[in-house]
S.K.: 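Take this structure, written in structure tokens, and hold onto it; I'll ask about it next.
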Amino acid sequence: MTNKPFGVSIPLDAKVHPEIARIAIEERVPIVHTSVGDPRAYTQRSKAAGMKVLHTAFCVRHALVAEAAGVDAVIASGVDGGGMLSSMGLTTMALVPQVVDAVKIPVIAGGGIADARGIAACFALGAEGVVMGTRFMATQECPVHPRVKEAIVKAKDTDTAVVGRAAAGISLRALKSPFVETALELMQTMDKEKMANFLHGGGQIYRGLIEGDMENNPALCGLSCGLISDIPEAAQVIERLVEEFAKVVMGMPKSL
Ligand SMILES: Cc1cc2nc3c(=O)[nH]c(=O)nc-3n(C[C@H](O)[C@H](O)[C@H](O)COP(=O)(O)O)c2cc1C
């Protein structure tokens, strides 16, 4: 499909993660990214195969464990982001500089970044790179359903909610919907395992995002949806970010 370098994400809570990791390591994919689990799982094997390893940390302790496991860089991911979040509630603004202070390896910031201002802010916090998920969902190439892309464009700052925080151990940030309303109610009483099953135990994320049934499934989306107002090509997003980043940085001294 491409002769350009690419990475593979390995969510360590997914049942198929050993299979994903086996193929990624066999094929010597240049970069692997692990999350929601023990960073020791595949780090040494991947590094022995000459690959770079990134791991997502939701708190300083996660970052220190990942650094000790030998990962090349850590992604400090705040609850501002879309998708799976930790139940600890650390925001990008608070988490990134604390991780930067704690580890010696490069830190990549994630959660709530959708434009050049967010990138500049994260660089000011000490990050050396950023991860952007929600912004790239609303692009032509992204395989999510057009209904989801349109909903992101329409969404304003208050249109997402975090479900699962109390009961599930892991939380999801998704666009508000009847499904999310039900999940918020069930969170009060449902036990951890049932809640996790209710949220993503059997294809719900696929049905919400790819099939576009957002009423009955979670449509994962971050807080930055309020900053997104179009569905360009991914390359246009990158071009804009590069162009705007220079303007943001040049404009900084004037606004001090
Ligand atoms: C639809 C969607 C799916 C995601 N899936 C994963 C995943 O499988 N593994 C993971 O570590 N992070 C996942 N994330 C989180 C992203 O890697 C990233 O940390 C997050 O999107 C950054 O925040 P932002 O959405 O505000 O840009 C997902 C995010 C979204 C929006």
Side-chain angles (χ1 to χ4, degrees), residues 7-17 20-21 24 31-39 41-42 53-59 62-63 66 71 73-86 90-93 95-96 99 107-119 121-122 127 129-139 141-145 147-149 151-153 155 157 159-164 170-175 177 180 199-200 203-212 214 217-228 234 237-238 241:
V8 167
S9 195
I10 309 177
L12 297 168
D13 64 336
K15 286 193 191 98
V16 291
H17 73 77
I20 305 174
I31 303 168
V32 288
H33 161 228
T34 54
S35 59
V36 271
D38 189 336
Y42 301 112
V53 182
L54 310 179
H55 184 79
T56 291
F58 294 126
C59 66
H62 288 176
V71 306
V74 70
I75 299 175
S77 193
V79 286
D80 322 46
M84 295 277 184
L85 309 169
S86 87
L90 284 148
T91 60
T92 305
M93 179 68 104
L95 175 65
V96 171
V99 171
V107 176
I108 297 166
I113 307 161
D115 62 21
R117 293 170 298 179
I119 298 177
C122 287
V130 298
V131 164
M132 293 165 64
T134 300
R135 170 63 273 191
F136 284 96
M137 284 172 75
T139 56
E141 293 88 340
C142 181
V144 301
H145 195 279
R147 287 191 73 207
V148 177
K149 297 182 191 183
I152 291 173
V153 167
D157 55 352
D159 285 341
T160 71
V162 176
V163 285
I170 197 91
S171 333
L172 298 177
R173 184 181 293 284
L175 288 167
S177 66
V180 164
L199 292 175
H200 59 94
Q204 291 94 324
I205 293 176
Y206 184 89
R207 288 196 294 276
L209 290 179
I210 308 298
E211 294 179 359
M214 299 186 294
N217 298 282
L220 309 184
C221 176
L223 279 176
S224 65
C225 55
L227 287 168
I228 297 167
V237 174
I238 300 282
L241 291 174

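Whatever order the structure lists ligands and atoms in, that order sets their numbers, starting from 1.
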S.K.: Considering only heavy atoms, does H33 approach ligand 1 within less than 4.0 Å through its side chain, its backbone, both, or neither?
M.R.: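 The side chain, only.
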S.K.: Within ligand 1, which atoms have a heavy atom of S77 less than 4.0 Å away?
M.R.: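 The list of qualifying atoms is 19 (O).
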S.K.: Could you list which atoms of ligand 1 come closer than 4.0 Å to a heavy atom of P11?
M.R.: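 Those qualifying, in numeric order: 8 (O).
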S.K.: Judging by distance only, is a nitrogen or oxygen of G81 under 3.5 angstrom from one on ligand 1?
M.R.: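 No, no N or O pair falls under 3.5 Å.
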S.K.: Against ligand 1, does R135 come closer than 4.0 Å with any heavy atom?
M.R.: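 The answer is no: ligand 1 sits nowhere under 4.0 Å from a heavy atom of R135.
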S.K.: To the nearest 0.5 Å, what is the distance between CG on L209 and CG on N217?
M.R.: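 The distance works out to 9.0 Å.
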S.K.: Show the numbers, then the answer: is there a side chain to side chain contact (heavy atoms under 4.5 Å, CB included) between V148 and M214?
M.R.: CA-CA 7 Å; V148 177; M214 299 186 294; 3.7 Å; yes
S.K.: Show me the pairs that pass side-chain hydrogen bond (donor to acceptor under 3.5 Å, both in side chains) and involve residues 7-16, at least two apart or across chains.
M.R.: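 Passing the test, one end in residues 7-16: S9-H33.
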S.K.: Tell me: protein heavy atom nearest atom 17 (O) of ligand 1, and distance?
M.R.: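 Of every protein heavy atom, V131 CG1, 4.3 Å lies nearest to atom 17 (O) of ligand 1.
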S.K.: Give yes or no for whether the N/O distance cutoff of 3.5 Å, strictly under, is met between T134 and ligand 1.
M.R.: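 N/O-N/O distance below 3.5 Å exists for this pair.
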S.K.: With a 3.5 Å distance limit and no angle check, can you tell me whether K149 reaches the backbone of M137 through a side-chain donor-acceptor pair?
M.R.: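 No, the answer is negative, given that no donor and acceptor are paired below the 3.5 Å cut-off.
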S.K.: In chain order, what residues pass the side-chain hydrogen bond (donor to acceptor under 3.5 Å, both in side chains) check against T134, with sequence neighbours excluded?
M.R.: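 With sequence neighbours excluded, T134 shows a side-chain hydrogen bond (donor to acceptor under 3.5 Å, both in side chains) to no residue whatsoever.
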S.K.: Is the backbone N or O of I228 less than 3.5 Å from a side-chain atom of R135, with the two atoms forming a donor-acceptor pair by type?
M.R.: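 Checking the backbone N and O of I228 against the side chain of R135, no donor-acceptor pair under 3.5 Å is found.
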S.K.: Applying a heavy-atom cut-off of 4.0 Å, say which part of L209 lies close to ligand 1: side chain, backbone, both or neither.
M.R.: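 Contact part for L209 vs ligand 1: side chain (C-beta onward).
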S.K.: Using a 3.5 Å distance criterion without hydrogens, assess whether the side chain of T92 forms a donor-acceptor pair with backbone atoms of G110.
M.R.: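 Side chain of T92 to backbone of G110: a pair is present.
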S.K.: May I ask whether M84 has any heavy atom positioned less than 4.0 angstrom from an atom of ligand 1?
M.R.: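 Contact check M84 vs ligand 1: negative.
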S.K.: Could you check which of G112, C225, A174, S35 puts a non-hydrogen atom nearest to atom 26 (O) of ligand 1?
M.R.: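 Nearest heavy atom to atom 26 (O) of ligand 1 lies in G112.
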S.K.: What's the shortest distance from atom 21 (O) of ligand 1 to any protein heavy atom, and which residue and atom give it?
M.R.: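 Ranking protein heavy atoms by distance from atom 21 (O) of ligand 1, first comes G133 CA, 3.4 Å.
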S.K.: Number the atoms of ligand 1 from 1 as they appear, then name those within less than 4.0 Å of a heavy atom of M132, with their elements.
M.R.: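 The list of qualifying atoms is 27 (O).
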S.K.: So which protein heavy atom does atom 15 (C) of ligand 1 come closest to, and at what separation?
M.R.: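 Protein heavy atom with the smallest distance to atom 15 (C) of ligand 1: G82 O, 3.6 Å.
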